[in-house]
Amino acid sequence: MSLSLPQPLGLSLLHLQTNQPLRDLIASRIRAQGPVTFAQFMEWALYEPGLGYYERDYPIGPDYLTAPQLAPDFAHLLAEQICQFWQVLGSPSPFAVIEMGAGSGCLAEDWLAYVRSAYPALWQALEYGILERSASLRRLQQERLAGFGEKVRWLTWEEIPEEAVTGCFFSNELVDAFPVHRVQVQGGSLREIYVDWAEGRFQEVLGDPSTPALEAYFARLGIAITTYPSGYQTEVNLKALEWLQLLARKLRRGYVLTIDYGYPAQRYYSPQRSQGTLLAYRRHGTSADPYGWVGCQDLTAHVDFTTLEQVGESLGLKRLGFTQQSCFLVNLGLAERLAALSQEGAEEVGQVLRRRFALQALLDPLGLGSFGVLLQAKGLSEAESAQLLRGFAEPS
Ligand SMILES: C[S@@+](CC[C@H](N)C(=O)[O-])C[C@H]1O[C@@H](n2cnc3c(N)ncnc32)[C@H](O)[C@@H]1O
């Protein structure tokens with residue numbers, strides 16, 4: 001059976017799928033002001049109000065699955081760890097938990113429901129804040145979390161006074177969604193990749209670095225990037241540095257927990273990884289072409305955890321631990337949950353199989369299980385910093 005659409009609907013559907021208005025808008029800006037950095041292009045493609053991938057009225061399509069979308073267990077185990085943070089800090093009240101980049105709001109929903117029933121004392125002390133830059137996702141989250149009433153508040157960085165937060169900032173797949181600069185080594189010097197519009201399409205051109213911060217980034221890491229072969233390309237996430245500065249300023253006492261895919265710098269910037277890590281995600285497929293489905297595909301780059309650690313330390317965020325997501329979740333009880341699944345006769349077989357698949361996917365060493373989990377802290381005493389945290393115990 002063939003499905004034919006009336007012409008006007010067909011056309012608007014096409015516009016929806018290719019996001020032609022966003023393409024046109026970016027092209028017209030580039031024609032007016034000349035080539036822009038890739039970071040600027042990515043900023044528009046993801047966050048242009050009303051049109052960017054995260055800003056449309058129908059964001060987060062079936063393009064990829066994150067851990068909290070797979071199974072509520074991810075949020076529950078994260079709550080176990082954050083509950084321990086609260087106890088280590090002496091069970092303060094209020095205790096702020098601030099989620100940055102909350103997506104569809106499903107992690108918050110599962111996290112809050114779990115804490116409300118499993119940890120009533122923490123629930124009493126809890127103030128749950130969400131920092132979300134997408135207006136469209138903020139609306140979605142507000143609808144979804146309406147049942148939690150005053151317990152959840154949407155914040156902006158400006159609203160949080162300096163040194164005001166006692167608690168925990170956390171994020172899952174936030175830093176990989178920051179717009180990145182792209183650079184290329186050419187004849188022993190560092191060049192930046194700009195995006196131009198010519199012959200009816202986006203084209204990449206090389207130019208001088210738009211900011212000295214790009215060269216400084218590699219100098220801080222001690223990586224002699226300009227000795228790499230000509231043509232070597234990679235990304236630099238300068239937004240992550242601004243974000244760390246905000247965190248360090250707003251946090252008075254507590255933790256920063258960052259979960260994302262990435263590598264230590266030596267691995268990220270190894271000469272073998274000569275085309276960087278930038279990927280476009282659409283309909284569960286990946287592509288290396290960031291210009292194909294502008295505004296209809298996610299764009300992401302891996303996270304350089306070494307820089308988060310180094311720059312964090314210089315800002316007073318002490319590195320307390322780093323582990324893989326699989327170890328983190330197993331330490332917090334994922335294996336017991338998997339084992340318990342076989343005992344749960346009450347659940348229908350299909351349901352059990354789906355849940356088992358989801359839990360195993362959280363541990364997949366080639367997928368979500370290999371994500372990095374970085375823990376930093378500020379304002380803790382020596383004794384508090386030395387406390388063994390469940391998620392970061394040595395794997396047995
Ligand atoms: C890849 S999604 C991850 C969503 C969710 N954490 C999850 O795991 O499903 C990235 C999220 O970060 C948000 N975001 C990106 N930059 C942000 C920023 N600077 N501040 C707050 N949220 C941001 C996006 O709008 C989106 O909600």
Side-chain angles (χ1 to χ4, degrees), residues 39 42-79 97-112 128-145 153-160 169-180 237-247 250 256-262 277-282 284 286 295 297-303 308 325 328-329 358 361-362 367-368 371-373:
M42 187 166 164
E43 168 77 29
W44 288 331
L46 296 185
Y47 302 110
E48 179 65 28
L51 294 173
Y53 181 78
Y54 285 108
E55 294 280 356
R56 292 173 302 161
D57 276 342
Y58 49 99
I60 312 222
D63 295 321
Y64 58 89
L65 271 182
T66 59
Q69 291 168 298
L70 260 179
D73 305 73
F74 181 78
H76 300 170
L77 297 173
L78 197 58
V97 173
I98 302 185
E99 179 179 2
M100 300 166 290
S104 65
C106 73
L107 196 164
E109 186 178 31
D110 293 329
W111 195 99
L112 286 159
Y128 198 94
I130 294 184
L131 282 159
E132 171 56 63
R133 77 166 288 185
S134 155
S136 155
L137 285 173
R138 226 178 301 130
R139 280 195 298 277
L140 197 72
Q141 295 157 11
Q142 282 164 350
E143 278 168 32
R144 185 168 201 156
L145 302 173
R153 282 180 52 209
W154 280 262
L155 308 164
T156 63
W157 286 108
E158 294 72 32
E159 281 166 359
I160 306 176
F169 282 97
F170 81 90
S171 63
N172 184 60
E173 296 205 35
L174 167 77
V175 183
D176 71 72
F178 290 164
V180 289
N237 191 337
L238 295 180
K239 279 272 182 268
L241 310 186
E242 292 171 22
W243 168 75
L244 278 174
Q245 282 173 6
L246 281 168
L247 284 172
K250 306 295 179 179
V256 178
L257 185 71
T258 306
I259 305 177
D260 220 316
Y261 39 85
T277 69
L278 182 86
L279 276 182
Y281 279 83
R282 187 167 183 279
H284 296 282
T286 59
Q297 59 180 9
D298 193 15
L299 298 175
T300 91
H302 281 49
V303 173
L308 296 191
Q325 177 163 301
F328 181 72
L329 296 177
L362 291 176
L368 291 168
F371 276 33
V373 184

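Values below: every heavy atom of this structure, side chains too, minus hydrogens, waters and symmetry copies. Start at 1 and go down the list; that is how both ligands and their atoms are numbered.
Of all the heavy atoms in F169 and L247, the pair that sits closest is CG-CD2, 3.4 Å. Taking each heavy atom of P179 and A39 in turn, the nearest pair found is CB-O, 3.4 Å.
At a 4.0 Å heavy-atom cut-off, ligand 1 touches F178 through the side chain alone. Of all the heavy atoms of L131, the ones lying under 4.0 Å from any atom of ligand 1 belong exclusively to the backbone. Only side-chain heavy atoms of P68 come within less than 4.0 Å of ligand 1; its backbone N, CA, C and O stay farther off.
When atom types are taken as modelled, the side chain of T286 and the backbone of L279 share no donor-acceptor pair closer than 3.5 angstrom. Of the possible polar contacts, none joining the D176 side chain to the T300 backbone as a donor-acceptor pair under 3.5 Å is found.
Looking at T66 next to ligand 1, an N or O pair under 3.5 Å apart turns up.
Remark: ligand 1 atoms within the under-4.0 Å shell around heavy atoms of G103 are 4 (C), 5 (C), 27 (O). Residue contact check: L174 has heavy atoms under 4.0 Å from atoms 12 (O), 14 (N), 15 (C), 16 (N), 17 (C), 22 (N), 23 (C) of ligand 1. Within ligand 1, the atoms closer than 4.0 Å to a non-hydrogen atom of L137 are 25 (O), 26 (C), 27 (O), numbered from 1 in the order shown. Interface of E173 with ligand 1, defined as ligand atoms under 4.0 Å from a residue heavy atom, comprises 1 (C), 2 (S), 3 (C), 10 (C). Taking a cut-off of under 4.0 Å to the non-hydrogen atoms of S134, the atoms of ligand 1 that pass are 25 (O).
Side-chain contact between Y53 and L299: absent, with no pair of heavy atoms (C-beta onward) separated by less than 4.5 Å. Taking the side chain as every heavy atom from C-beta outward, R133 and Y54 never approach each other to under 4.5 Å.
Atom 22 (N) of ligand 1 has its nearest heavy-atom neighbour, among Q141, E43, R133, E55, in R133. Evaluated by nearest non-hydrogen atom to atom 6 (N) of ligand 1, the leading choice among A135, G101, A102 is G101. By heavy-atom distance, the residue among M100, Q69, E99, E132 lying nearest atom 25 (O) of ligand 1 is E132. When W157, Y53, Y54, Y47 are checked for heavy-atom proximity to atom 15 (C) of ligand 1, Y47 turns out nearest.
For the side-chain contact (heavy atoms from CB on, under 4.5 Å) with N172, the qualifying choice from V373, L257, L78, I259 is I259, the only one to do so.
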Kindly determine whether W154 and Q142 satisfy side chain to side chain donor-acceptor pair (under 3.5 Å), including the steps that lead there. CA-CA 8 Å; W154 280 262; Q142 282 164 350; 5.8 Å; no
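Between W111 and F170, the ring-plane angle classifies as parallel under the 30° and 60° cut-offs.
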